[in-house]
Amino acid sequence: MPIFLHDTMSRELRPLLLKPSRDVFGMYCCGPTVYGPAHIGNFRTFILQDVLRRTLEVGGMQVKHVRNITDVDDKTIRGSQAAGQTLATFTASWTKKFHEDCQALGLLAPHVEPSAVAHIPQQIAMIEALVKRGHAYVAKDGSVYFKVCSCADYGKLSHLDRSKLATQTTNSAGEANDADEYDRESAADFALWKSWKPEDGENRWASPWGDGRPGWHIECSAMSLQHLGATFDLHGGGVDLCFPHHENEIAQTECSTGVKGFAAHWFHSAHLLVDGDKMSKSKGNLYTLEQLTSKGFTPMEVRYALISGHYRTPLNFTLHGVENARSALTKLERWTERLLATAGFSQAEFAAPLVHETQTAWGRFAPAWETLQSDLNIPGCLGQIFTVVGEKDSLTPEQARQDVVGLAKLLHALGLQLFTAKATTSIPPEVAELAAQRWAAKQTKNFAQADQLRQALTQAGWTMLDRKDGYDLKPN
RNA sequence: GGCGCGGUAGCCAAGUGGUAAGGCCGGGCUCUGCAAAAGCCCCAUGCGUCGGUUCAAUUCCGACCCGCGCCUCCA
């Protein structure tokens, strides 16, 4: 059974299938602009794309996942200047940080991760083609604009009827939409090439229209064309990119290549709210992964929290939600430990790719897999998983093995790793000493002293968890 | 105004034309010197409001109310 996914352009649930002539599923996702740490809202989108890719792969499809790095635009240029670094140095450091966060969150690296700066010639070539075909014009200052009125079906993705649109006086960044100021023929036209300005500093590239830099939208068109071709299977991004970014990508690529059908499927993920509000710097509610891990949460717990809502529904992120995720993951881990024991699998075997890639069994997790394939219903899938967890069972080892394989594949699709080390907080020596003393007191059945020491530990902010053969310490 | 998403238990969140998955929290029990952990059990006559269709609607249709997003460079 193929995966069915809602498509933004047709607004229908459509199956994701390989085209008859192809053996690889090509997906392009708009990546981060590397001018600072990505926030968890960015990561919700990237994680959802990651789950989609993993689900396709678990379903037996070969995927080519391309996700770009935007390393030249107003924000990166300003950021590098403020940091006193070259653009390349500045963006390289934030790209590195992004990769570290991605790895911590269990995101598979895309097969290709092209950078905008590394594709300047391809962008220029595409702009030249657009000018040649009458879809773009050169302004007096050497900037090049896309002529929106030359593209008859412009707006087909976002279903915006341009003729009925009152032109906004400002854009969502609060900047004026003034056609004259930018030397555009129409306010709807957008920049393909931006001529050099003094504030751009050293950041200039030669072009047939003079020095300058590429516009934002053209990079994705050029890079998807380069790495996936004029048409490919799926294009993803946050809902906010639907218009104008993706609309412009379609126009640029289809008008420059003359081939319709840029992306066969559009996958847009809803935004993340924080405590019920839109995230924004001014509200101070922008979480980064680092801020959450410093609060003691593991990246896996954050990942779980971020996939706990359906991708087309805005998700309200709260600290309580991550705590919820932690409890749920712990429950799943404890249950899985028992399942593995029954099946005779080790935790290492459970995590090994062999278990999920080479076996076809789903055991009792078949319904969970069905649910995941139905419009990437992750919360429904998680519910199905826990339904199995809650079932009364007395399994034979063979039945348990089927369940292990099914669960391993599901968790691989979701990108959830169990049995990863918890965030460890170093134990102060004095706390360790108190704990050792209490354990000794308990062994000699000096319970009064043991209780006293427990109290002292509590005051020091630690809880002592007794086992049969020892103890653990956890911060309160 | 246009387009889109959503309103389901204290919180989060699926789903279906036949009378509500799951997680968290909470409560009870078991176990353990204590405490925790863990396990077991319980927890919506109800799915924004009002109509309509139907033997039957939370699920379909209509209207309305409320929240949110986008409408030119924000994932």
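Since the model is a prediction, treat every value here as computed from it, not as a measurement. Letters go in sequence order (proteins before strands), and every chain restarts at 1.
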Is there any protein nitrogen or oxygen under 3.5 Å from a nitrogen or oxygen in nucleotides 4-8 of chain B, and what are the pairs?
| unit_1 | atom_1 | unit_2 | atom_2 | d |
| --- | --- | --- | --- | --- |
| B/G4 | OP1 | A/Arg11 | NH1 | 2.7 |
| B/C5 | O2' | A/Arg312 | O | 3.2 |

For residues 308-317 of chain A, the salt bridge (Lys or Arg N to Asp or Glu O under 4.0 Å) pairs (sequence neighbours left out) are A/Arg312-A/Asp375
For [X], what residues pass the salt bridge (charged side-chain N to carboxylate O under 4.0 Å, His left out) criterion, not counting sequence neighbours?
{"X": "A/Asp403", "value": "A/Arg364"}
{"X": "A/Asp200", "value": "A/Arg213"}
{"X": "A/Lys96", "value": "A/Glu100"}

Using the [atom1] atoms only, state how far [M] lies from [N], rounded to an integer number of Å.
{"N": "B/G15", "M": "B/U59", "atom1": "C1'", "result": "9 Å"}
{"N": "B/U30", "M": "B/C11", "atom1": "P", "result": "31 Å"}
{"N": "B/G7", "M": "B/C34", "atom1": "P", "result": "46 Å"}
{"N": "B/A57", "M": "B/C5", "atom1": "C1'", "result": "23 Å"}

side-chain contact (heavy atoms from CB on, under 4.5 Å) partners of A/Pro367, counting only residues at least two apart: A/Gln384
side-chain contact (heavy atoms from CB on, under 4.5 Å) filter on A/Glu433, not counting sequence neighbours, yields A/Gln437
Sort by first number and list every stem of RNA chain B: at least 3 consecutive Watson-Crick or G-U wobble pairs, both distances under 3.5 Å. B:1-7 with B:65-71, B:10-12 with B:22-24, B:26-30 with B:38-42, B:48-52 with B:60-64
Write down the distance between CG (A/Leu376) and C1' (B/A14), rounded to a whole number of angstrom. 14 Å
Would A/Arg67 and A/Phe46 count as a cation-pi pair here, with the cationic atom under 6.0 angstrom from the ring centre and within 45° of the axis? yes
In residues 94-104 of chain A, which residues come under 4.0 Å of RNA chain B by heavy atom? none
Among the candidates B/A75, B/G23, B/G33, find the nucleotide nearest to the side-chain atoms of A/Asp451. B/G33
For the side chain of A/Leu241, starting at C-beta, report the closest nucleotide among B/G33, B/A13, B/A75. B/A75
For a quick test of reading the model: is some side-chain N or O of A/Lys392 closer than 4.0 Å to OP1 or OP2 of B/C41? yes
Would you indicate, yes or no, if B/C25 has its OP1 or OP2 atom less than 4.0 angstrom from a side-chain nitrogen or oxygen of A/Ser327? yes
For each nucleotide in nucleotides 26-32 of chain B, reading 5' to 3', give B when a protein heavy atom comes within less than 4.0 Å of its base, S when such contact involves only the sugar-phosphate, and - otherwise. -------
How is A/His245 classified with respect to the nucleic acid when contacts are heavy atoms under 4.0 Å: base, sugar-phosphate, or nothing? nothing
Which part of the nucleic acid does A/Leu272 contact within heavy-atom distance under 4.0 Å: base, sugar-phosphate only, or nothing? base
Nucleotides 15-20 of chain B: which of its N/O atoms have a protein N/O under 3.5 Å away?
| unit_1 | atom_1 | unit_2 | atom_2 | d |
| --- | --- | --- | --- | --- |
| B/G15 | OP1 | A/Asn377 | ND2 | 2.8 |

Which residue is it: A/Ile385, A/Leu332, A/Leu382? I am looking for the one with a side chain to side chain contact (heavy atoms under 4.5 Å, CB included) to A/Leu416. A/Leu382
N/O contacts under 3.5 Å, protein versus nucleotides 36-39 of chain B?
| unit_1 | atom_1 | unit_2 | atom_2 | d |
| --- | --- | --- | --- | --- |
| B/G39 | OP1 | A/Arg338 | NH2 | 2.8 |

